[in-house]
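Notes to accompany the following structure.
Just so you know, residue 1 is the first one in the sequence shown, and it goes up from there.
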Amino acid sequence: MNSVTRRGAARLAAVVLTAGLAVAGAAATAGAAAADEAPRSQGGVSATLGRITAGGPAVLREGQGRNVLAGLFEMKVDGGGTLQTYCVDIRTSTVDGARYRETGWGESSLHANKNAGRIRWILEHSYPQVNDLSALAKASGADTLDANTAAAGTQVAIWRYSDGVGVDAGNAAAQKLADYLYKSAEDTEEPKASLTLTPPAVSGKAGGHLGPVTVRTDAGSVTVAPSTDAAGKGVKIVDKDGKPVTTTTNGTELYFDVPAGTPDGSTTLRATASTKVPVGRVFVGDHTKTQSLILAGSSESTVSAGATASWAAKGAIPAVSAQVNCAEGGVEITAVNKGDQPWTFDLDGRKHTVAPGGRDTALVKVGEDQPYKITVTGPNGFSKTFSGILDCRTATPVNAMSGPGKPMASPSPTPAKGPGGAGSSGGHGSGGSVGSDLAGTGGSTATPKIAGLAIVLIVVGGGAVFLLRRKEPSGR
């Protein structure tokens with residue numbers, strides 16, 4: 001929800017944040033361009049935050065108590081489709097129009113949450129997955145439920161597990177549903193990604209098949225297309241038998257067929273599909289500090305993933321990737337050398353050398369909620385950049401802060417700007433009135449309302465005050 005303050009415990013395991021990017025060594029990178037931004041994720045859905053479609057008031061039992069809006073967000077998928085999501089970080093603000101990317105529990109605030117499986121159970125056994133609201137009311141003991149009270153009760157139950165907070169619905173029926181879902185929830189497994197290519201980067205010598213890159217998806221069919229420059233280089237995407245591939249399915253191993261004598265270089269492939277994203281997948285801000293969301297429902301939506309291959313006739317041929325390691329508080333950069341000569345790269349002011357057939361991993365420290373931009377440089381102008389925002393923990397109570405930067409009891413709605421300049425809305429409760437557009441709340445003083453309610457819903461702590469700590473990188 002509102003003010004972004006210090007976060008909770010460190011993540012227990014490293015998780016992939018950005019797609020690896022294979023690049024050729026000294027011979028293959030002659031005349032390489034300046035810094036190149038690496039892919040942001042391994043794949044899946046990218047979407048833009050929209051409006052709250054259903055919800056109602058709730059009370060967060062902290063300090064004097066704070067009124068919040070508990071509801072269901074709509075998101076628009078790049079390439080087509082819509083998503084419905086709930087919040088899993090009650091004290092962090094949403095950012096109006098923020099872009100989000102699909103991710104696993106491991107790279108979200110659920111990474112160390114022992115109750116994450118119970119949250120998925122709630123999603124699968126409540127609105128909007130359960131559209132029979134009469135049956136849901138009967139099961140929960142509520143007199144009656146409509147979309148607003150069902151969404152509010154579901155969100156309240158989720159918050160109790162995602163944030164470990166005391167929170168109650170402002171409506172008796174919604175409260176009945178929240179209590180029922182919270183007490184009934186059972187542990188369930190994490191859902192699989194909608195689409196990934198693993199690994200997202202490969203490299204090797206020309207004259208062979210580079211790979212494999214394995215397709216992982218729940219879609220029935222995946223379209224595979226090489227980049228436009230691949231044909232000119234004579235590179236094809238093939239299966240393990242060397243047959244060209246244009247469509248494929250889950251579990252297929254793909255290869256880049258690079259003919260002998262092909263000039264040193266690189267190319268990419270793109271995989272796309274249409275599928276319903278599995279309930280329980282998490283969505284985090286793409287280069288924007290914003291409230292983390294969890295999927296409650298999906299239409300047929302466009303999902304995509306990419307992979308890169310680089311090759312050379314001789315010399316160093318590295319593959320470089322980035323990985324968040326929340327337990328260590330930073331981002332791990334890994335370089336694998338598939339060539340026949342050592343490859344030396346610069347990272348955070350230190351040189352690292354990877355032997356032929358070897359691997360080197362270095363950690364760059366990043367503060368929680370801290371935007372980072374990490375660049376790997378090598379011979380002949382090679383430069384690749386990995387960027388994002390470390391977002392591993394849920395926010396702590398506002399009244400837990402002390403000293404400089406302590407939020408006011410009722411701060412004014414100060415807009416917080418993301419990289420794209422979007423203003424921050426006043427948390428989940430400020431996502432706008434039900435059926436209204438989020439832009440109406442942003443960082444402004446617009447009053448969020450629920451249709452039919454005559455009360456003003458004051459969001460947690462008012463407007464967002466983002467406290468971005470200075471980046472403290474270090475290599476190892």
Side-chain angles (χ1 to χ4, degrees), residues 1 7-9 11-13 15 44-45 47 52 54-55 58 60 68-75 83-92 94 100-130 136 139-140 150-169 174-194 276-285 290-298 326 391-396 427-429 431:
M1 298 296 291
R7 301 291 197 122
R11 183 175 296 174
L12 297 181
V15 294
V45 164
I52 291 180
L60 178 62
V68 296
L69 175 59
L72 186 66
F73 278 110
E74 181 180 74
M75 303 180 77
L83 308 175
Q84 293 172 299
T85 57
Y86 287 108
C87 164
V88 286
D89 191 359
I90 191 172
R91 303 184 192 89
T92 298
T94 55
Y100 280 77
R101 61 180 178 85
E102 177 191 344
T103 191
W105 294 351
E107 48 182 317
S108 74
S109 58
L110 297 184
H111 70 276
N113 190 326
K114 65 180 181 180
N115 293 313
R118 288 182 169 82
I119 295 173
R120 189 187 183 194
W121 187 96
I122 291 171
L123 294 166
E124 291 176 333
H125 291 81
S126 191
Y127 183 77
Q129 287 299 304
V130 176
L136 193 59
S140 63
T154 304
Q155 177 64 91
V156 166
I158 289 171
W159 276 332
R160 292 175 182 175
Y161 281 125
S162 65
D163 293 75
V165 295
V167 58
D168 296 314
Q175 179 72 0
K176 284 277 190 180
L177 177 60
D179 291 342
Y180 160 73
L181 294 172
Y182 179 76
K183 294 175 182 178
S184 301
E186 301 175 2
D187 194 25
T188 55
E189 293 184 354
E190 178 179 359
K192 296 180 180 179
S194 61
K276 290 186 177 180
V277 183
V279 169
R281 291 293 288 174
V282 175
F283 284 80
V284 298
T290 185
Q291 185 180 93
S292 296
L293 304 172
I294 193 165
L295 188 69
S298 169
C326 286
D391 187 3
C392 303
R393 310 169 190 168
T394 55
T396 55
H428 191 86

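- Y182 is linked by a ring-ring contact (aromatic ring centres under 6.0 Å, His included) to Y161, counting only residues two or more places apart in sequence or in another chain.
- For the side-chain hydrogen bond (donor to acceptor under 3.5 Å, both in side chains) test, residues two or more places apart in sequence or in another chain that qualify with N115 are R118.
- Scored by the salt bridge (Lys or Arg N to Asp or Glu O under 4.0 Å) test, D168 finds R61, R160 as partners (sequence neighbours excluded).
- Looking at residues two or more places apart in sequence or on another chain, you find no side-chain hydrogen bond (donor to acceptor under 3.5 Å, both in side chains) involving E190.
- Qualifying side-chain hydrogen bond (donor to acceptor under 3.5 Å, both in side chains) partners for Y100, counting only residues two or more places apart in sequence or in other chains: T290.
- Legend: residues meeting side chain to side chain contact (heavy atoms under 4.5 Å, CB included) with A296, ordered by chain and number and at least two apart, are L72, Y86, L123, P128.
- Contact check for V284 versus R101: side-chain heavy atoms found under the 4.5 Å cut-off.
- Side chains of L295 and V282 form no contact here, defined as non-hydrogen atoms less than 4.5 Å apart.
- Proximity of W121 to H125: side-chain heavy atoms (C-beta onward) are separated by under 4.5 Å at one or more points.
- Residues S140 and L177 approach most closely at CB-CA, 3.8 Å, considering heavy atoms.
- With sequence neighbours excluded, the residues satisfying side chain to side chain contact (heavy atoms under 4.5 Å, CB included) with K276 are S298, E300.
- Judged by distance alone, the side chain of S184 and the main-chain N or O of L181 form no donor-acceptor pair under 3.5 Å.
- Annotation: side chain of F73 is in contact with side chain of T94 (closest heavy-atom distance under 4.5 Å).
- Side-chain atoms of H111 come within 3.5 Å of backbone atoms of S108 as a donor-acceptor pair (strictly under, hydrogens ignored).
- Take S194 and apply the side-chain hydrogen bond (donor to acceptor under 3.5 Å, both in side chains) test, not counting sequence neighbours, and it matches E102.
- Atom CD1 in I294 sits 6.5 Å away from atom CD1 in I158 (nearest 0.5 Å).
- Closest heavy-atom contact between C87 and L293: CA-CD2, 3.9 Å.
- When the side chain to side chain contact (heavy atoms under 4.5 Å, CB included) test is applied to A152, the partners found at least two apart in sequence or on another chain are A70, A174.
- Considering every non-hydrogen atom in both P191 and W105, the closest pair reads CD-CZ2, 3.6 Å.
- Side-chain contact between M75 and T85 is present, with at least one heavy-atom pair separated by less than 4.5 Å.
- A donor-acceptor distance shorter than 3.5 angstrom exists from the side chain of Q175 to the backbone of A169, with no hydrogens or angles considered.
- Without hydrogens or angle criteria, T188 side chain to G117 main chain gives a donor-acceptor distance under 3.5 Å.
- In this structure a side-chain-to-backbone donor-acceptor pair under 3.5 Å is missing from W159 to D89.
- With sequence neighbours left out, Q129 forms a side chain to side chain contact (heavy atoms under 4.5 Å, CB included) with V279.
- Looking at every heavy atom in both residues, S126 comes nearest to L136 through OG-CD2, 3.8 Å.
- When all heavy atoms of V156 and A178 are compared, the pair lying nearest together is CG1-CB, 3.7 Å.
- Q155 is not listed as a side-chain neighbour of Y127, based on a closest heavy-atom distance of 4.5 Å or more.
- Side chain of T154 to main chain of A150: a donor-acceptor pair is present (N/O by atom type, distance under 3.5 Å, no hydrogens or angles).
- The main-chain N or O of T394 is never found under 3.5 Å from a side-chain atom of D163 such that the two would form a donor-acceptor pair.
- Salt bridge status for R120 with E186: absent, with no side-chain N to carboxylate O gap under 4.0 Å.
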